[in-house]
Amino acid sequence: MSETVLVTGATGFIAQHCILQLLEAGYQVRGTARAPGRGEEIATVLSAHLSDVARARLPQDFAVVAADLTSDAGWDDAVNGCRFVLHVASPFPPDSPKNEDELIIPARDGALRVLRAASSANVQRVVMTSSVAAIFYGRDRDHVFTEADWSNVQSRHIGAYEKSKTLAERAAWNYMDSLGNTSAMDLVVINPGLVLGPLLAKEWSLSGEAIKKIMERAVPAIPDIRVAPVDVRDVATAHVLAMTVAEASGQRFICAIESHAFRDIALILAEHLGSQGFKIPTGRLPNFVLPIVALWDKQVRLILSEVGQDLAIDSTKIKTVLGLKPRGLREMTEAMADSMIRYGVVSAKA
Ligand code: NAP
């Protein structure tokens with residue numbers, strides 16, 4: 001008998017990679033979207049990336065239902081009959097809102113809506129997409145960060161998005177504690193770093209924005225920022241493994257490779273795309289420049305607290321407990337760049 005998995009935010013970059021892997025593994029997938037009319041569009045994107053067998057089964061194996069994280073409507077029906085839930089949806093906007101509650105409330109209350117509905121429907125396990133945003137922000141970078149660490153939401157150096165991810169994950173674990181032994185449902189949390197890897201269509205998540213800017217030479221040089229990257233295909237595999245690996249129960253997992261300077265990504269792009277006519281900037285942007293640019297550029301404001309910061313993370317747990325074998329920086333960077341050219345996100349050079 002085929003099992004049904006609910007995937008929230010089926011329009012999203014990570015969610016669609018999860019759905020592809022679930023369909024290939026023979027699961028039935030129900031996705032949620034805020035706009036109910038997007039089912040056909042999502043199915044068209046998935047269809048282009050599925051094997052012949054999974055594509056033929058798409059009409060019976062995949063459906064989209066309407067649900068918004070800011071409303072109770074639709075969640076009970078969405079989880080009904082599902083054995084697993086991948087709760088991936090969360091606001092991930094290109095710039096910080098005037099009021100941080102615009103991100104915090106949907107992220108936190110939306111996670112609680114999904115968990116409450118899942119518990120009432122006797123879902124076996126919820127896998128929630130958190131982020132490294134809930135691990136090392138607003139903290140001194142004086143040690144190697146692990147799953148034992150939490151971002152400090154009281155810090156004045158933490159942004160609205162990082163707060164929303166931290167408070168949503170905290171709320172989810174608190175909710176699970178409140179259930180005690182009254183529910184058989186358990187929770188696993190995946191905390192991805194900066195997600196790179198192939199786009200499936202022309203729409204791209206905010207995580208591709210920096211690659212796009214570098215490819216378009218919209219930045220003159222590369223800021224001194226360290227990131228913990230991961231390939232979207234590995235993030236999806238981690239979610240699928242987290243559904244069924246028994247020992248994962250009640251645990252959070254950093255999902256990233258070792259930290260890299262952003263300039264390492266630019267150097268890979270330069271090597272990969274130079275012969276195609278791209279002039280990739282690889283110089284170092286002096287640290288004093290970014291605060292000035294941030295005065296008018298909201299996206300630069302988002303990364304300001306990261307400039308010149310060290311970053312060391314330990315991601316061995318996801319390899320040992322879930323058995324994930326993550327791809328390296330070159331493969332995920334080249335795949336994202338190639339897909340941006342393929343789908344016309346970045347124009348090919350003549
Ligand atoms: P994405 O492509 O922008 O997807 C975000 C998804 O969340 C979209 O499906 C969006 O739906 C949905 N969403 C936003 N607000 C919602 C609301 N009020 N109600 C229902 N759905 C809502 O981003 P992504 O990169 O795939 O991110 C997915 C998850 O991974 C997020 O939780 C994000 O925080 C987390 N994450 C991402 C990265 C990364 O680098 N990409 C790293 C760590 C963690 P609409 O299409 O309707 O807007």
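Atoms within a ligand are numbered from 1 in the order they appear, just like the ligands themselves.
Put simply, the side chain of Leu103 does not reach to within 4.5 Å of the side chain of Lys165, judged on heavy atoms.
Within the 4.0 Å heavy-atom shell around ligand 1 one does not find Gln16.
Under 4.0 Å is where a charged nitrogen must lie from a carboxylate oxygen, and between Lys325 and Glu331 no such pair does.
Only the side chain of Arg38 comes within 4.0 Å of ligand 1, judged by heavy-atom distances. In Ser130, the part holding a heavy atom less than 4.0 Å from any atom of ligand 1 is the backbone.
Gln154 CD: 12 or fewer foreign heavy atoms inside a 6.0 Å radius.
Of all protein heavy atoms, the one closest to atom 39 (C) of ligand 1 is Val195 CG2, 3.4 Å. Protein heavy atom in closest approach to atom 8 (C) of ligand 1: Thr11 OG1, 3.4 Å. Among protein heavy atoms, atom 5 (C) of ligand 1 sits closest to Ser90 O, 3.8 Å. Of all protein heavy atoms, the one closest to atom 29 (C) of ligand 1 is Val88 O, 3.1 Å. The protein atom (non-hydrogen) at minimum distance from atom 42 (C) of ligand 1 is Gly193 O, 3.0 Å. Atom 34 (O) of ligand 1 has Tyr161 OH, 2.5 Å as its closest protein atom, hydrogens excluded (heavy atom only).
Between Asn152 and His157, the side chains place no donor N or O within less than 3.5 Å of an acceptor N or O (distance only, hydrogens not considered). A donor-acceptor contact under 3.5 angstrom links the side chains of Glu24 and Ser51, judged on distance only.
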